[in-house]
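Reminder, nothing fancy here: chain letters follow the sequence lines and each chain counts from 1.
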There are 2 protein chains.
Amino acid sequence: MKPTGSNLDAVRRHNLGRILDLVHRQGALSRSVLTRETGLNRSTIAALVAELVARGLVVESNPDTEGVVGRPSPVVSASDTTLILAVNPEFDGVTVAAVTLGGSVVDRLRRGFRSGPSVARVVTETTNLVAELRARLPEGVQIAGIGVAVPALVRASDGMVRLAPRLGWVDAPLAELLAEATGLPVTVDNDASLGARAERYFGAGRGIDDLIYLNGGASGIGGGLVLGGRPIRGAGGYAGEFGHTFGTEGGIALERAVTRDALVAAVAPGADIDDVELERLLGEASASITATQAEVLGRALAGMINIVNPSRVVLGGFLGIIAAREPELLAATVAKFALVPPGEQAEIVRAELGADLLLIGAAEPVIDRLIADPAQIPLRQDLGDEAAPEK
Amino acid sequence: MKPTGSNLDAVRRHNLGRILDLVHRQGALSRSVLTRETGLNRSTIAALVAELVARGLVVESNPDTEGVVGRPSPVVSASDTTLILAVNPEFDGVTVAAVTLGGSVVDRLRRGFRSGPSVARVVTETTNLVAELRARLPEGVQIAGIGVAVPALVRASDGMVRLAPRLGWVDAPLAELLAEATGLPVTVDNDASLGARAERYFGAGRGIDDLIYLNGGASGIGGGLVLGGRPIRGAGGYAGEFGHTFGTEGGIALERAVTRDALVAAVAPGADIDDVELERLLGEASASITATQAEVLGRALAGMINIVNPSRVVLGGFLGIIAAREPELLAATVAKFALVPPGEQAEIVRAELGADLLLIGAAEPVIDRLIADPAQIPLRQDLGDEAAPEK
DNA sequence: CGGAATTGTTGTTTGCGCCACCAAAAAGGG
DNA sequence: CCCTTTTTGGTGGCGCAAACAACAATTCCG
C-alpha cells in the first residue's frame, strides 16, 4: 500500500524538504523569512539550513543591508554545486542540459538524428551526452539525477514509455535503461505535462492552482492539466491530451484542425522557420489564417473550460502566437461557447517560458524527489582538507 | 499563507488522524493490521488507539478467534458515541440526520416547506431539528459538528453559499449563521461534490482515483469530479457541474436535454413518483425514451472522458436508471464519440448509494476536520464516576 | 502438553523541535 | 556619538513522541 504514518525521521525529512521547496520556488530567502513561512523555531531553521548546506543543496550568504531594524538574517539560496540533468528526446534529436535547483539552465548539448531513433539509440546518445556534459562541469558539482521529458504517453511511476507515436516506441522502459547506462536515478514523464508544470511554477501560471496548458508544436498539440494545485494525469495519462479532442462538430481532432503547418504555408510555404520567424512573418501578412484557427481553438477551449473551470489557460508554441495575434477573437469565441461563470473566470494568456521550458520541466520531478528526501544527497565531509566527492 | 513545517505535535496529530482515517474508511481493523498499515511500532499504535478511545472516537473490542496463530489482536472500530449531524436543505424541505464515524445514518428528521425557503427560515428550522434530534440521542453521545450539503455553488473554505438558483439565494453565509445558531462547527459544500465523495468512499467508486460522478434529480443534473484521488472544485466551484455543459451540438444544456420529467411523462404523465416507482414503470413500458436520452448522455460523457480520462463514471438518480436500462447503447455511444484509449478505460456504472448518499457525503468534511485534528474532541475524564460531558 | 508464532505490555532510549537566555548587529533618537 | 530598541543568531537544556527491547499472554499445531 501507500506510505503511511510518520515517525520522527519523517519530520526531519519533511522540514528539510519544506525549506528546499521554498528556496527552489521562491528563490533566495532569508532565514527569518523561512522562520515565519514554516512556523518553525529560529534554532530549528538554523539547524535545518546547516544540514542542507552540509549536503551541498543550499548556500548561505550575507544579506545586503536592507534598511530594516535588527540583526541581518543570512540569505539562503539554492546551491549551484548540485545540478539536475534534463533530457528531451525528440524525433529529430536529443537535448541534454544541466539545470540548477533554482530552475535555470546552465549548460546544454544537442545531438541530431537523421531518422526516427530507436530506444537503444536514444539511450546510448544520451549516455554519451551526459558524460560529455559532466566532463565540462566544474569540479565538485554533484548530479542529483536525470529527468526526461518525452513526447509520449508515460507511466511516470516507473518511467515506462507506453506509447510514443512520433518516435515509434511501444512499452519502452526508458527510465530503467537510462538508469542502468548512467548509474544515476532517472525520472521520465510526458513533455506537455512537464511543460505545464514549468509554466505553472516559473512562467505564466505562477501561483495558479487550476490551469489548462496547451502547447502547439510542429508535430501537434499537447497539453497538461493542473487542478487543485496538482498535476492531473488521469487514469491512463490521457488527461490534458487535448490535441486529440474534437475542436469542431465534425469530429476532427483539434490538432488536425489547428496546425503550425497551416500558418507556415500561409506566409512562407515550405520554409523551415522557427516560431520567432513565423511570428514576424505573420505580423507582416494578413491575419485571416490566425483568425480561422483562433475560432476553432476557442471552441475547443470552451469545452474544456466548461468541464474543469480553470482560472487560467496558458498557450505555448504556435498557439501562443495565435493568442498574441487574436486575443479578442479568442476571448469572444470562448465567451460564446463557454458557460458564463467559468468562461469569465478563465483568463487566456500566452506562455512565458521559451526554449528552456521542457528542460526546466524535466528537472522538476527530480527536484521533487530531492524535496521528498533531501538526505539522499550524502553529507560532504569537510573534516579533512579534500574537496567534496562527486556522485 | 498555507500551513507549513511540522513539529512533534503535528506528528501526533497526523498519526492519530491516520488511524481514525483507516478505521473510518475500512471499518473495523485489528491493532496488528493498523501496525502493518501505518508502519508504526506496536507500542505506538497501542498508545494512539488508547488516546482515540479516551476521546470517544473509537472503541476496542475482543476479536472473534479467527483461526490465526498468535495472540489475538483487539479490533478497533469507529465509536458510535461521537456523531456528525448531516443537513440537506432542498427547495421543498430540509433533512437533518445523525451519522456515525463509520458512515451510517442512525437517525433522521425532515421538515417540509410549502414554498422556496429563505436562508433565515432554513437556519431556524435546521436549528430546531438539530435540537430535536439531539434530544432523542442516547445519553453520553457527543456531536463533532454539522455538515451541510446544499444544491448550490459554495465557497467551501468558509461555507458561503454563492449562488443557489433553486433556492433563490445569493451570497448567503450559511455556515456562519448555522454555527452561530447551534454553537457547533459547521461545514458547507455542494451537494453533488459531496455525493461524489460518498460514492467514491462507500459506493460504486470505492478505491477509484479518477472518476466522474453525475447525479440526475428532479431539478436537474449535478456532478462531481475526483481526480488523482482528490475532489476537484475548479477555480469557482464549477468543475464537474456537468448539468450545464452542452450535450448536443445545438448548444442545449445537458440537463435540459436529459430530464427526469421526460421519463416520468412517458410512463405516468403528471404523477408524483419516486425513482424506485419510476424504474418499475419503465420496466413495463417501451424503452424508446431511455434510448434517446442514453444517446445524448453518452455524447456528453464522451466529451468529459476525453478531457479528464477517468477510470470510472458513476451515474446516480434517474441517470442511474438510464445506465441500468441501456448499458450497451450508452457504452456504444461513448465508444463512438470518445477517443479510443480513454474511452476504453472508462467504465460506466450505476451508483450504489441510495437515499443516504447526500447525508453520508455531508458528514465527510466534518470527519475530515476530525481526522486533521482528533485532539479537538476533549478527553473524557473517567477519573471520577460521572458520565462523559456532552458538547 | 510443549513448541512455535504472533501480539500486547512495560520501561528505557533516541532524536527532533522548542524554549530561555545571551550575544550580535542594525536603526533611530537625543 | 552613545544609548536604547528591535530583530535575529547561537547555545545548552528540556519535553515529548516514537522506537526498541525484553517479557508476558494467547492461540495453533503436532
Side-chain angles (χ1 to χ4, degrees), chain A residues 3-20 28-55 58-76 373-375 379, chain B residues 3-20 22 28-55 58-77 373-375 379:
Chain A
T4 78
S6 60
N7 51 26
L8 292 182
D9 293 9
V11 172
R12 185 73 173 188
R13 266 201 305 278
H14 175 257
N15 286 338
L16 286 170
R18 179 97 182 93
I19 292 178
L20 196 56
L29 294 171
S30 74
R31 255 154 70 174
S32 71
V33 170
L34 289 173
T35 304
R36 270 191 298 276
E37 210 75 16
T38 60
L40 298 173
N41 193 281
R42 287 206 301 266
S43 49
T44 306
I45 292 291
L48 292 169
V49 169
E51 179 169 342
L52 290 177
V53 169
R55 294 189 190 279
V58 304
V59 290
E60 283 190 301
S61 55
N62 288 328
D64 43 336
T65 311
E66 319 147 37
V68 193
V69 225
R71 179 172 176 170
S73 193
V75 169
V76 180
D373 180 18
L379 283 168
Chain B
T4 76
S6 60
N7 52 23
L8 292 183
D9 292 9
V11 171
R12 183 76 174 185
R13 264 201 307 277
H14 175 257
N15 287 338
L16 285 171
R18 179 100 183 90
I19 293 178
L20 196 56
L22 284 169
L29 294 171
S30 74
R31 253 155 71 174
S32 71
V33 170
L34 289 173
T35 304
R36 270 192 299 276
E37 209 76 15
T38 60
L40 298 173
N41 194 280
R42 288 205 301 267
S43 52
T44 307
I45 292 291
L48 292 169
V49 169
E51 178 169 343
L52 289 177
V53 169
R55 294 190 191 280
V58 304
V59 291
E60 282 191 301
S61 55
N62 288 328
D64 43 338
T65 311
E66 317 147 39
V68 194
V69 228
R71 178 172 178 172
S73 192
V75 169
V76 181
S77 46
D373 181 18
L379 282 168

Separation of C:dT7 atom P from B:L40 atom CG, nearest Å, is 15 Å
Those residues at least two apart in sequence (or on a different chain) that pass side chain to side chain donor-acceptor pair (under 3.5 Å) with A:R13 are none
Rounded to whole Å, the CZ-P distance (A:R36 to D:dT8) equals 6 Å
Taken to the nearest whole Å, CZ/B:R13 to C1'/D:dC16 is 14 Å
5'-most contact on DNA chain C (nearest-nucleotide basis), B:R31 vs A:R12, goes to B:R31
Query raised in the report: Do the side chain of B:S73 and the main chain of B:S30 share a donor and acceptor less than 3.5 angstrom apart?
Result: no
Closest non-hydrogen atoms of A:E51 and A:L16, given as atom of the first, atom of the second and distance, are OE2-CD1, 3.4 Å
task: With the side chain counted from C-beta on, respond yes when A:L29 and A:V76 share a heavy-atom pair under 4.5 Å apart, and no when they do not.
output: no
Side-chain N,O (A:N15) to OP1/OP2 (C:dC16) below 4.0 Å
no
Point to revise | B:P72 vs B:N62 side-chain heavy atoms within contact, under 4.5 Å | key: no
The contact string for nucleotides 20-30 of chain D, one letter per nucleotide 5' to 3', using protein heavy atoms under 4.0 Å with B, S and - for base, sugar-phosphate only and none, comes out as B-B-BBBBS--
On the nucleotide D:dT8, are OP1 or OP2 found under 4.0 Å from the side-chain N or O atoms that A:S32 carries? yes
